[in-house]
2 protein chains.
Amino acid sequence: MTAETAIETIQREMTIFARRARASAGRMHPELSLVSYTLLGHLEEKGGCRATDLAAHYALDKSTVSRQVAALERAGLIERRLDPEDHRVQVLHLTEAGEEILAQVTRSRRAAFRERLTGWPEEDLIRFAAYLERYNASPSDADSD
Amino acid sequence: MTAETAIETIQREMTIFARRARASAGRMHPELSLVSYTLLGHLEEKGGCRATDLAAHYALDKSTVSRQVAALERAGLIERRLDPEDHRVQVLHLTEAGEEILAQVTRSRRAAFRERLTGWPEEDLIRFAAYLERYNASPSDADSD
DNA sequence: GCTTCAAGTTGTACTATACAACTAGAACGA
DNA sequence: TCGTTCTAGTTGTATAGTACAACTTGAAGC
């Protein structure tokens with residue numbers, strides 16, 4: 001196999017994965033869409049941030065984020081705290097319920113991955129993980145992470 | 001790194017990729033959504049098939065495929081041929097225009113991948129490609145390829 | 001203090017999707 | 001052979017996610 005055919009394979013397989021992820025996200029985790037999951041994950045990681053940060057980070061329109069945030073708040077998964085320094089700003093935080101759901105979905109997603117990866121030698125898992133990190137870390141046009 | 005943290009990394013990085021693919025597909029290739037691209041690719045690969053086959057293969061509802069197919073036909077990218085053996089069946093084929101657009105989008109997508117992968121040693125590309133194939137080839141609940 | 005900038009919301013429109021109801025054609029069985 | 005059941009596909013309806021544009025409110029800078 002040459003580098004060129006390897007690149008074709010990578011393109012094809014990543015495309016297959018993306019399509020599957022999209023198709024199965026709703027089915028597997030009806031309680032939390034892929035976007036909501038990602039937003040909650042970001043809030044957990046950062047320990048709270050503004051809607052504008054989420055929009056910039058994920059290359060989403062601020063109106064889209066606004067509605068997502070409204071839905072997550074309605075569901076009791078996040079709460080808004082007015083920034084005392086700047087009253088335009090609402091800092092978003094996970095609620096306890098949000099943390100629980102996030103942890104639960106993460107567990108369930110991880111279990112699905114673990115199942116797909118059973119039988120892989122540890123050495124291969126580690127190399128695969130490193131390749132993916134390297135791939136995602138490389139800069140892109142529409143940088144969104 | 002242990003196998004467990006490698007799995008976490010794989011989950012996280014694949015999720016990042018899926019989100020990015022979804023976000024950028026529309027922006028980068030406005031002429032062909034990711035789903036349309038996939039459907040056209042399948043038609044090319046198989047040399048024509050039925051709408052029902054597409055629905056089954058990609059775990060989409062037949063109504064969804066029906067509308068996608070209608071749009072692709074309207075755009076002149078595919079054509080329907082009534083199966084003389086079974087008049088319920090319409091076999092879908094790429095038109096010349098469809099082949100051209102498919103080739104063009106494939107080139108553009110491949111170029112994007114190639115750019116992200118510049119600087120990778122050939123050996124790593126080949127191993128990465130093999131890992132992805134192996135990952136996608138493993139059976140899953142909602143098997144869709 | 002105006003003007004301009006920034007954060008967020010709301011109105012509107014479009015796409016992708018699913019489910020349900022339907023039509024048309026095929027296949028099977030008594 | 002003729003009804004029953006199955007299959008392929010379309011259409012009606014509803015929902016989610018998304019973008020763009022217009023707006024509101026508050027902050028910052030001359």
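We name chains A, B, ... by the order of the sequence lines, and we start the count at 1 in each one.
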Handout entry: Within-4.5 Å side-chain heavy-atom neighbours: A/Leu77 and A/Leu32
Key = yes
Completion exercise
Sorted by chain and number, sequence neighbours left out, salt bridge (charged side-chain N to carboxylate O under 4.0 Å, His left out) with A/Glu123 holds for A/Arg127
Practice task
Pick base, sugar-phosphate or nothing for A/Thr64, based on heavy-atom distances below 4.0 Å to the nucleic acid.
Solution key: base
Practice task
Using atom OH of A/Tyr58 as one end and atom P of D/dT18 as the other, report the distance to the nearest whole Å.
Solution key: 13 Å
Problem - Rounded distance (Å) that lies between atom P of C/dT15 and atom CG of B/Leu32 - result: 14 Å
Handout entry: Comparing B/Ala51 and A/Asp61 on DNA chain D - which has the more 5′ nearest nucleotide
Key = B/Ala51
Exercise for the section: Can you run down the salt bridge (charged side-chain N to carboxylate O under 4.0 Å, His left out) pairs that involve residues 41-57 of chain B, sequence neighbours left out, and say none if there aren't any? Expected result: B/Arg50-B/Asp53
Practice task
Calculate the interatomic distance between A/Leu34 atom CG and D/dG17 atom C1'; express it in whole Å.
Solution key: 12 Å
Fill in the blank from the handout: On DNA chain D, more 5' by nearest nucleotide between B/Asp53 and A/Ser36 is B/Asp53
Practice task
Check the angle between the aromatic planes of B/Phe128 and B/Trp120 and answer parallel, tilted or perpendicular using the 30° and 60° thresholds.
Solution key: parallel
Exercise for the section: Give one of base, sugar-phosphate or nothing for B/Ser63, where a contact means two heavy atoms less than 4.0 Å apart. Expected result: base
Problem - Side-chain (B/Ser108) to main-chain (B/Gln104) donor-acceptor, under 3.5 angstrom - result: no
Exercise for the section: Could you pull out all residues at least two apart from A/Glu13 that satisfy salt bridge (charged side-chain N to carboxylate O under 4.0 Å, His left out)? Expected result: none
Practice task
Can you tell me the distance, in whole Å, between the CZ atom of B/Arg81 and the P atom of D/dG9?
Solution key: 15 Å
Exercise for the section: Under 4.0 Å from any atom of DNA chain D, heavy atoms only: list the residues of residues 37-47 of chain A that qualify, in numerical order. Expected result: none
Exercise for the section: Go through residues 67-78 of chain B and report each residue with a non-hydrogen atom lying under 4.0 Å from DNA chain D, sorted by number. Expected result: B/Arg67
Handout entry: Qualifying residues under salt bridge (charged side-chain N to carboxylate O under 4.0 Å, His left out), relative to A/Asp61, sequence neighbours excluded
Key = none
Handout entry: Interatomic spacing from CG in A/Leu94 to NE2 in A/His42 - rounded to 0.5 Å
Key = 11.0 Å
Problem - Separation of C/dA6 P from A/Gln90 CD (nearest whole Å) - result: 18 Å
Exercise for the section: Kindly give the cluster partners of A/Leu82, where membership spreads through any ILVMFWY side chain lying under 4.5 Å from a current member. Expected result: none
Exercise for the section: Determine: side-chain N/O of B/Thr52 to OP1/OP2 of D/dT7, distance under 4.0 Å, yes or no. Expected result: no
Practice task
Round to a whole Å and report the spacing from CZ of A/Arg50 to P of D/dT25.
Solution key: 20 Å
Exercise for the section: Please check if the side chain of A/Glu122 supplies one atom and the backbone of B/Ala3 the other of a donor-acceptor pair under 3.5 Å. Expected result: yes
Problem - Test side chain to side chain contact (heavy atoms under 4.5 Å, CB included) applied to A/Val91 - qualifying residues, sequence neighbours left out - result: A/Asp83, A/Val89, A/His93
Problem - N/O donor-acceptor pair under 3.5 Å between A/Ser66 side chain and A/Lys62 backbone - result: no
Handout entry: Side-chain N,O (B/Ser33) to OP1/OP2 (C/dA16) below 4.0 Å
Key = yes
Completion exercise
When rounded to whole Å, the CZ to P distance for the pair B/Arg19 and D/dT18 reads 11 Å
Problem - Rounded interatomic separation in angstrom, taking NZ from B/Lys62 and C1' from D/dT10 - result: 9 Å
Practice task
Look at B/Arg80 and D/dA8 and indicate whether a side-chain polar atom (N or O) is within less than 4.0 Å of OP1 or OP2.
Solution key: no
Exercise for the section: Go through the structure and list residues passing side chain to side chain donor-acceptor pair (under 3.5 Å) with A/Glu99, not counting sequence neighbours. Expected result: none
Fill in the blank from the handout: Sorted by chain and number, sequence neighbours left out, side chain to side chain donor-acceptor pair (under 3.5 Å) with A/Thr52 holds for none
Practice task
Describe, in one word, how the ring planes of B/Tyr131 and A/Tyr131 are oriented to each other, choosing from parallel (under 30°), tilted (30 to 60°) and perpendicular (over 60°).
Solution key: tilted
Polar pairs (N or O, both sides) under 3.5 Å between protein and nucleotides 27-30 of chain D?
from, atom 1, to, atom 2, distance (Å)
D/dA27, OP1, A/His87, N, 3.0

Handout entry: Net bend of the helix from C/dG1-D/dC30 to C/dA30-D/dT1, end axes of five pairs each, nearest 10 degrees
Key = 10°
